[in-house]
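Note on naming: letters A, B, ... go to the chains in the order of the sequence lines (proteins, then strands), and numbering restarts at 1 for each one.
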2 protein chains.
Amino acid sequence: MRVRLEDVARAAGVSPKTVSRVLNDEANVRGPTRERVLAAMAAMDYRPHPSARSLASNRSFLVAMLYDNPSSNYLTEIQAGVLDACDLHHYSMMVRPLLSEAEDFLERVGTLISHHRPDGLILTPPITDHPALPALLREQGVPYASVSPKQRDGAIGVGMDERLAAREMVNHLIALGHRRIAHVIGHPAHGASGWRLAGYSDALAAAGLPFDPALVIEGEFSFGSGVAAARRLFSLARRPTAVFAANDDMAAGVIWAAGEHGLSVPRDVSVCGFDDTPISRQIWPAITTIRQPSREMGRIAALQLLDVMRGRGQGRMVEVPFALQLRESTGPLPTAAPEAG
Amino acid sequence: MRVRLEDVARAAGVSPKTVSRVLNDEANVRGPTRERVLAAMAAMDYRPHPSARSLASNRSFLVAMLYDNPSSNYLTEIQAGVLDACDLHHYSMMVRPLLSEAEDFLERVGTLISHHRPDGLILTPPITDHPALPALLREQGVPYASVSPKQRDGAIGVGMDERLAAREMVNHLIALGHRRIAHVIGHPAHGASGWRLAGYSDALAAAGLPFDPALVIEGEFSFGSGVAAARRLFSLARRPTAVFAANDDMAAGVIWAAGEHGLSVPRDVSVCGFDDTPISRQIWPAITTIRQPSREMGRIAALQLLDVMRGRGQGRMVEVPFALQLRESTGPLPTAAPEAG
DNA sequence: TCGCAAATTGACAGCGCTGTCATTTTCCTC
DNA sequence: GAGGAAAATGACAGCGCTGTCAATTTGCGA
């Protein structure tokens, strides 16, 4: 038979309620008493019955993670991080894919809440930016934390400084001696595209390099758009010696096009991306890119949420550090072909 | 205040127990009674309290999905399918990453079971093939279903005929006129490698083509191993006109190496892969490959499990159909370079 | 050492549902 | 139409825990 709280109480010589207090880390339990109870719990390998706890306390010990994101790599990482945090505090996690554009989106969230009664929600992009969701959650009294929301003020969760990351990526190219550095912009609808372009400009300006519109080409985050952009860049009379693509897929496309033009990467041209998706390691040369600590971000968002849920604080917006992943696709300025024409 | 089962009972003019019977789809409720209850439930928008149900019935209405798989695309799809099935029967799903090679693997599974008390488990590769897990689960009385286990006899779950799929892939190449068809084998430790190689042989034999060991090269499922294998193949005096790689990463490597050798795909050489991972669409030309209906497979595995859990049957091993994804990397035999030397 | 507030502990009911078993109703068969 | 089996329904306790509030113990100043 399963060990119950009552059994622990008997073994420790206290009332069930006291065991409950220890279990829930409540105040007003004397040190020695607490230790006796903890010892008994450990000795009997006691596991509280989650349903009984929920029923009695009207909490579910459940965190639901909402997503509508085609990038499974990203999602799986975030999910793993959220799980890490949930495990730490003995919460469960459920995942829920949703279509944020669908008409019945809010209704579905409502159903989720009334059905599973999660104690809190983790929102991931683009659900983070849904205009009407915050009102619904406030009304239902369900706390939530967001991962990389566009609007950071007043939000609880986690984010990364993409603009600064892009800037440092370009700084890296400049440090390698590059002066003619091209940029392939991402899909115009994504906030990330703007942040990354801004970081590119920041770096050029800081290094006193001119911003040359001919070197800035619009892509749309796809491999094919990277190929197309690179074909234009490599056909220029004074072609760039380095290309910063706004994501890894486009960087892979640029590398492809380089091969097409008889250019060796990184000997003749350096290429870098953003996101550190698997494709950056699956092709050769492996792409220098920016890594988001996605798992860590999931963990942090969940920890902020748990703080709020457990009444341990207000929660805040945490900024995490990015990391340059230096790989084989970037190298020193080609000496045989100095950029000064 | 929340609507409870008792409220529904009062509204329908029956006892709570009868409402419970309707809720759980039990026998021995007269048609009209059932309808009255269902009507009352709908009118009051009744949602059973999951914890109360669990506590009273000693079931958790929870399915846990165990994984230890680096391919997030695959996982996310399987997960979505499992969720589909769980939603259908009002079960919740939790996900749990594990290290199947870790020493404490079994212990961790035990902890999961005693902590969350799932009513059933979904196992995904390679956890499906863990030698000691079935014994533990039987001992704990936790039913489970497997996705693509090596050992199919007596197992419950879902699988795909990879050997036949490989055979049809090669048949496609033969139908295009190819006669010198190479194969890049996968990592020797994976069962899939053997199945796919066998399918390759089957197709050759059925077409009366010789099996040429020089055209069969060991890879290890990585991009790099595909490049290495292709370099050897393209250096042969009589090089193959088509290459069937055992997965998409290696196919991408083969395409890369083709460019290196000045070969155009598919004009000079056709290349195909297996798995339909994103890389098959992210590079150019997009790779002809085999699609596993992963989401459907997750759904089916979960449905089999639910059948068992709900005492609706024994469950069985379902075989799902694969699908050839014809893309741009395969084409007719080059007319300028007939294989007859 | 006594008295009182504060800290600690415990008794008990009840969270919302289902299992068990008793009771009532229905449906046959003769 | 009576009798009996089977089907349908209901009464009631209790799943394992926590909230509320009462009882007890402790700590501390006078």
Check your understanding: So which one's nearest nucleotide on DNA chain C is more toward 5', Arg30(B) or Pro48(B)?
Key -> Pro48(B)
Check your understanding: Phe61(B) CZ to dG16(C) P: how many Å, rounded?
Key -> 17 Å
**Study point:** Distance test, side-chain N/O of Thr18(A) to OP1/OP2 of dG10(C), below 4.0 Å
**Key:** yes
Revision key, fill the gap. With the side chain defined as heavy atoms from C-beta on, Leu55(B) is closest, among dG10(C), dG16(C), dT9(D), to dG16(C)
Check your understanding: Can you pull the side chain to side chain donor-acceptor pair (under 3.5 Å) pairs that have at least one residue in residues 112-123 of chain B, sequence neighbours excluded?
Key -> Arg47(A)-Ser114(B), Ser92(A)-His116(B), Ser60(B)-Asp119(B)
Practice item. Take the protein atom CG of Leu5(A) and the nucleotide atom P of dG19(D), then report the distance between them rounded to whole Å. Key: 12 Å
Check your understanding: Starting at CD of Glu6(B) and ending at C1' of dG10(D), how long is that distance when rounded to a whole Å?
Key -> 14 Å
Practice item. In whole angstrom, give the distance that lies between atom CZ of Arg34(B) and atom P of dA7(D). Key: 15 Å
Review point. Between Val14(B) and Pro16(A), which is nearer to the 5' end of DNA chain D once each is assigned its nearest nucleotide?
Key: Val14(B)
**Study point:** SB check Arg96(B) Asp87(A) (cutoff 4.0 Å)
**Key:** yes
Review point. Is atom CZ of Arg310(B) surrounded by more than 12 heavy atoms (other residues, nucleotides or ligands) closer than 6.0 Å?
Key: yes
Review point. Rounding to a whole Å, what distance do you find between Glu26(B):CD and dT20(C):C1'?
Key: 12 Å
Practice item. Quick one: label Ser51(B) by what it contacts on the DNA or RNA (base, sugar-phosphate, nothing), any heavy atom closer than 4.0 Å. Key: nothing
Review point. Are side-chain N/O atoms of Asn73(A) and Ser72(B) paired as donor and acceptor at under 3.5 Å?
Key: yes
Study note, to complete from the structure: Against the side chain of His49(A), the closest entry in dT9(D), dG16(D), dG10(C) is dG16(D)
Practice item. Would you mind classifying the nucleic acid contact of Asn24(A) as base, sugar-phosphate or nothing, using non-hydrogen atoms under 4.0 angstrom? Key: sugar-phosphate
Review point. Reckon Ser57(A) has a side-chain N or O less than 4.0 Å from the OP1 or OP2 of dC17(D)?
Key: no
Point to revise | Residues in ring-ring contact (aromatic ring centres under 6.0 Å, His included) contact with Tyr91(B), at least two apart in sequence or another chain | key: Phe61(B)
Review point. Quick one: Arg53(A) CZ to dG16(D) P, roughly how many Å, whole number?
Key: 15 Å
Practice item. Over all heavy atoms of both residues, which pair between Ser100(B) and Ile127(B) is shortest? Give the atoms and the distance, please. Key: CB-CG1, 4.0 Å
Check your understanding: From dG10(C), dC17(C), dG14(C), pick the nucleotide closest to the side chain of Ala56(B)?
Key -> dC17(C)
Review point. Among dG19(C), dC17(C), dA7(C), which nucleotide sits nearest the side chain of Asn28(A)?
Key: dA7(C)
Practice item. Round to a whole Å and report the spacing from NZ of Lys17(B) to P of dA7(D). Key: 17 Å
Study note, to complete from the structure: The nucleotide from dT9(C), dC17(C), dG16(D) with an atom nearest the side chain of Arg4(A) is dG16(D)
Check your understanding: Any side-chain N or O of Ser15(B) less than 4.0 Å from the OP1 or OP2 oxygen of dT9(D)?
Key -> no
Review point. Does Tyr46(B) place a side-chain N or O at less than 4.0 Å from the phosphate oxygens OP1/OP2 of dG16(C)?
Key: no
Check your understanding: Could you give the CZ-to-C1' distance, from Arg117(B) to dC17(D), as a whole number of Å?
Key -> 14 Å
Check your understanding: Do Arg21(B) and dG19(C) have a side chain to base donor-acceptor pair shorter than 3.5 Å?
Key -> no
Review point. With a 4.0 Å cut-off on heavy atoms, is Thr33(B) in touch with a base, just the backbone sugar-phosphate, or nothing at all?
Key: sugar-phosphate
